[in-house]
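In what follows, a single structure is set out as C-alpha cells and then discussed.
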Amino acid sequence: QVQLVESGGGLVQAGGSLRLSCAASGRTFSRYAMGWFRQAPGKEREFVSAISWSGGRTASADSVKGRFTISRDNAKSTVYLQMNSLRPEDTAVYYCAASNYPLDIAVVVATRYDYWGQGTQVTVSS
C-alpha cells in the first residue's frame, strides 16, 4: 500500500506561483509513475501533469503547458508541481496519484492510477 500526502496549496493572486508537494510512503517509490490531477467545483476531475519512474519522461495538459512543471526526488519519495503564471481558472483541489504501470513512462490516464492523496486546495484570486 502507498499513502500520498499533498501539501503546498493556498491562496495566491493571479500571475503568482505555488509549488505543491506530494510525499509518498514505502520503499518502492522509484518504480511508481506519478501524476497530478485537479477538480474544480462543479467540474469533473482532469489530468494536469505526469512523470515517469526516472523523471525522464513527462506529460502535461494543454491548459498548463509552459506554466506548470512536474518533477520528482526519488531519494525523498516526493513529487512536486511547480505552478507559475497562475490564473483564476486554475482554482481547484489538486490530487497527487501513484501508478504501478510496469513501464517507465508518463501515465496520463486516471484509471491507470492505483493510489490517490486527499488533495490540497489551490485558490487563485483575480
- Message: Among residues at least two apart in sequence or on other chains, which ones pass side chain to side chain donor-acceptor pair (under 3.5 Å) with S85?
- Response: none
- Task: Name all residues meeting the ring-ring contact (aromatic ring centres under 6.0 Å, His included) criterion together with F47; count only those two or more places apart in sequence or in a different chain, and write none if there are none.
- Result: F37
- M83 versus R19: any side-chain heavy-atom pair under 4.5 Å? no
- Can you check whether G9's main-chain N or O pairs, donor with acceptor, with T120's side chain at less than 3.5 Å? yes
- Item | Sequence neighbours excluded - disulfide (SG to SG under 2.5 Å) pairs with any residue from residues 69-126 | C22-C96
- Which residues pass the side-chain contact (heavy atoms from CB on, under 4.5 Å) test with V5, sequence neighbours left out? Q3
- Hey, quick one: are W116 and V93 part of the same hydrophobic cluster, counting side-chain heavy atoms closer than 4.5 Å, chains of contacts allowed? yes
- Message: Holding to side chain to side chain donor-acceptor pair (under 3.5 Å), I want the full list of residues that pass it with E89, two or more places apart in sequence or in another chain.
- Response: none
- Query: With hydrophobic residues grouped by side-chain heavy-atom distances under 4.5 Å, do I51 and L103 end up in a single group?
  - Reply: no
- Residue pairs meeting side-chain hydrogen bond (donor to acceptor under 3.5 Å, both in side chains), one or both in residues 49-59, sequence neighbours left out, come to S52-D104, S54-D104
- Taking ring-ring contact (aromatic ring centres under 6.0 Å, His included) as the test, write out the residues that go with Y94, two or more places apart. none
- Is there a side-chain contact between F68 and L81 (heavy atoms, below 4.5 Å)? yes
- If every non-hydrogen atom of S21 is compared with every non-hydrogen atom of T78, which pair is closest and at what distance? CB-CG2, 4.3 Å
- Query: Partners of E46 by salt bridge (Lys or Arg N to Asp or Glu O under 4.0 Å), sequence neighbours excluded?
  - Reply: R38
- Query: Within the side chain of Y113, is there an N or O that forms a donor-acceptor pair under 3.5 Å with the backbone of V107?
  - Reply: yes
- Message: For the OG atom of S30 and the CZ atom of R72, what is their distance to the nearest 0.5 Å?
- Response: 7.5 Å
- Item | Euclidean distance, R87 CZ relative to S126 OG, rounded to 0.5 Å | 14.0 Å
- Task: Return the set of residues passing side chain to side chain donor-acceptor pair (under 3.5 Å) with K76 (not counting sequence neighbours), or none when no residue passes.
- Result: none
- Query: Would you say D73 and Y80 make side-chain contact, with heavy atoms under 4.5 Å?
  - Reply: yes
- Task: Identify, with sequence neighbours excluded, every residue that meets side-chain contact (heavy atoms from CB on, under 4.5 Å) alongside V124.
- Result: V12, A14, L86, P88, D90, T91, V122
- Item | Over all atoms of both residues, closest heavy-atom pair of W36 and E6 | CZ3-CG, 3.8 Å
- Message: Any side-chain to backbone donor/acceptor pair from D114 onto S99? Under 3.5 Å, distance only.
- Response: no
- Item | side-chain contact (heavy atoms from CB on, under 4.5 Å) against S17, all qualifying residues, sequence neighbours excluded | Q82, N84
- Determine the minimum heavy-atom distance between G117 and Y95, stating which atoms define it. O-CD2, 3.6 Å
- Exam field: side chain Q39 to backbone A92, donor-acceptor pair closer than 3.5 Å: no
- Who pairs with V2 by side-chain contact (heavy atoms from CB on, under 4.5 Å), at least two apart in sequence or on another chain? L4, A24, S25, Y32, Y115
